[in-house]
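This one's a predicted model, so the numbers in the text were calculated from it and none came from an experiment.
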Amino acid sequence: MDNYKIFISTSNNYHRCLLPCAFLFNKFWSNKQEVVFLGYDKPKFNLPPNFSFKSLGVQRGPKYYSEDLRNFFQSIDDQYFIYTMEDQFILDYVDLNLIENFISYIVNDPKIGRICLTNSIFQTVLNHPAHVGKKHEHYKDDLIKLTSDSNWKITCEWSLWNKNYFIKYLQGNLTPWEFEQQSFSLAKNDGYNIVGKNKVAIRHAEAVRRGKVNENFDFRFVNENQELDNKIKKELNQYLKKT
């Protein structure tokens, strides 16, 4: 578990997501795994010991998302890492063995640009009636590769990234939404493969919907008809009251 790092980006307006994100991560992943929040102003509360905060400088607005992240990731030595955003709350126990397998794949195959860690590939692509047999193909072993006309090649959901591929699309002045929307224009083969499998490493929520960060968090599983157990919600609320 020491051969990769986890980076979670945030901004000043989303600080209320950090403690819930960290609590659920430690419950369902590990409180030994180091995680780095990438943001701007340092939070005014203490994070769990396995979480640290790295400032990207002065917050200038969403359109500088790509530039600020590009500058950071160009400065680090890590070639492979896990990345997501602060509202992608984990809602169930993570399949750590599967993640280890994915790491082995990406480290040994420079053609893999991103490995999907969530259910997005098989729920919104593989099993979608409009996409079946058209948007994916067999890659190797039991992995599935998105084809050149597949959507959502770029995403801020939980993914394992090759740094070269990540930086390739962190160009210009893009907001997080514009970064993801590049997926729809990536029709030609850029030399990288986006892969996943019909098995989920991370089940998660999009806790903030449509930028409404001050409303109640959404604890529904993405692409599933399920919600975080009420017992765990109570544990989370008790944790937040103590911190």
Side-chain angles (χ1 to χ4, degrees), residues 1-62 64-65 68-73 75-78 80-96 99 103 117-118 155-161 163 166 176 201-209 211-219 221-222 228-229 231-243:
M1 301 297 292
D2 297 326
N3 57 347
Y4 65 92
K5 293 181 180 177
I6 299 175
F7 298 101
I8 301 177
S9 62
T10 188
S11 62
N12 295 343
N13 294 339
Y14 281 69
H15 278 189
R16 70 181 290 259
C17 296
L18 303 190
L19 287 177
C21 177
F23 173 85
L24 292 168
F25 180 95
N26 285 350
K27 182 173 186 63
F28 292 124
W29 194 309
S30 169
N31 61 6
K32 306 299 181 183
Q33 172 67 50
E34 293 186 7
V35 182
V36 180
F37 281 124
L38 303 174
Y40 297 95
D41 294 349
K42 185 176 181 180
K44 296 180 180 179
F45 45 80
N46 293 325
L47 296 168
N50 59 316
F51 279 77
S52 60
F53 188 91
K54 169 67 176 178
S55 176
L56 301 177
V58 177
Q59 180 168 299
R60 298 174 292 167
Y64 294 99
Y65 164 86
D68 291 340
L69 282 188
R70 181 174 69 249
N71 290 338
F72 171 77
F73 283 105
S75 73
I76 66 174
D77 295 329
D78 306 86
Y80 310 100
F81 50 82
I82 291 173
Y83 168 77
T84 194
M85 301 187 79
E86 77 290 274
D87 67 337
Q88 302 291 296
F89 293 178
I90 298 177
L91 302 183
D92 196 5
Y93 289 99
V94 175
D95 189 334
L96 299 179
I99 290 180
I103 291 169
L117 301 180
T118 72
T155 180
C156 293
E157 287 189 359
W158 289 95
S159 294
L160 178 60
W161 290 87
K163 180 171 69 173
F166 193 51
I202 298 175
R203 302 173 72 199
H204 72 295
E206 291 179 357
V208 176
R209 299 278 180 160
K212 297 179 180 180
V213 69
N214 293 316
E215 295 188 2
N216 292 336
F217 292 128
D218 190 332
F219 290 106
F221 287 67
V222 171
L228 183 65
D229 186 88
K231 179 181 178 181
I232 298 174
K233 289 182 186 178
K234 290 179 181 179
E235 291 178 10
L236 173 58
N237 288 332
Q238 291 173 353
Y239 167 76
L240 294 177
K241 288 178 181 179
K242 294 178 181 178
T243 54

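Closest approach of F221 to D92, counting heavy atoms only: CE2-CB, 4.1 Å. When every heavy atom of K163 is checked against every heavy atom of I76, the shortest pair comes out as NZ-O, 2.6 Å. Closest non-hydrogen pair, S9 versus L69, comes out as CB-CD2, 4.3 Å. Considering all non-hydrogen atoms of both residues, A205 and D218 come closest at CB-O, 3.5 Å. Shown here for A22 and F51, the closest heavy-atom pair between the two residues is CA-CZ, 3.5 Å.
By the 4.5 Å heavy-atom criterion applied to side chains, W158 and I90 are counted as neighbours. At least one side-chain heavy atom of N26 sits less than 4.5 Å from a side-chain heavy atom of N50. No side-chain heavy atom of Q88 sits under 4.5 Å from any side-chain heavy atom of C156. Counting only heavy atoms from C-beta outward, the side chains of Y4 and I82 approach each other to under 4.5 Å. Under the 4.5 Å side-chain criterion, counting only non-hydrogen atoms from C-beta, M85 is in contact with Y65. By the 4.5 Å heavy-atom criterion applied to side chains, P48 and N31 are not counted as neighbours. Looking at heavy atoms from C-beta onward, N214 lies in side-chain contact with R16 at the 4.5 angstrom threshold. With a 4.5 Å cut-off on side-chain heavy atoms, C17 and T10 do not count as touching.
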Legend entry - Stepwise side-chain contact (heavy atoms from CB on, under 4.5 Å) test for I6 and W29: CA-CA 12 Å; I6 299 175; W29 194 309; 3.6 Å; yes
Legend entry - Residue pair I103, L160: steps toward the side-chain contact (heavy atoms from CB on, under 4.5 Å) verdict: CA-CA 8 Å; I103 291 169; L160 178 60; 3.9 Å; yes
Inset, instruction - Give the C-alpha distance, both sets of side-chain angles, the deciding distance and a yes or no for side-chain contact (heavy atoms from CB on, under 4.5 Å) between L56 and N71. - result: CA-CA 9 Å; L56 301 177; N71 290 338; over 6 Å; no
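One finds the OH atom of Y93 at 15.0 Å from the CD1 atom of I202 (value rounded to the nearest 0.5 Å). Atoms CD1 and CG, on I232 and L24 in that order, are 8.0 Å from each other to the nearest 0.5 Å.
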For residues 35-46, which side-chain N or O atoms pair as donor and acceptor with protein atoms under 3.5 Å away, sequence neighbours left out?
unit_1	atom_1	unit_2	atom_2	d
Y40	OH	D68	OD2	2.6
D41	OD2	N12	ND2	3.1

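At least one cation-pi condition fails for R203 and F28: the charged atom is not both under 6.0 angstrom from the six-membered ring centre and inside a 45 degree cone around its axis.
Aromatic ring pairs are classed by plane angle as parallel below 30°, tilted from 30° to 60° and perpendicular above 60°; the pair H15 and F53 is perpendicular. Note: F89 and F219 have tilted aromatic rings, judged against thresholds of 30 and 60 degrees for the angle between ring planes. Note on ring orientation: taking the six-membered ring where Trp is involved, the planes of F81 and F73 are parallel (angle under 30°, cut-offs 30° and 60°).
The backbone N or O of K32 sits less than 3.5 Å from a side-chain atom of S30, completing a donor-acceptor pair.
Heavy-atom neighbours of K233 NZ from other residues, nucleotides or ligands within 6.0 Å: above the threshold of 12. When the shell of 6.0 Å around CD of E34 is examined, it contains 12 or fewer heavy atoms from other residues, nucleotides or ligands.
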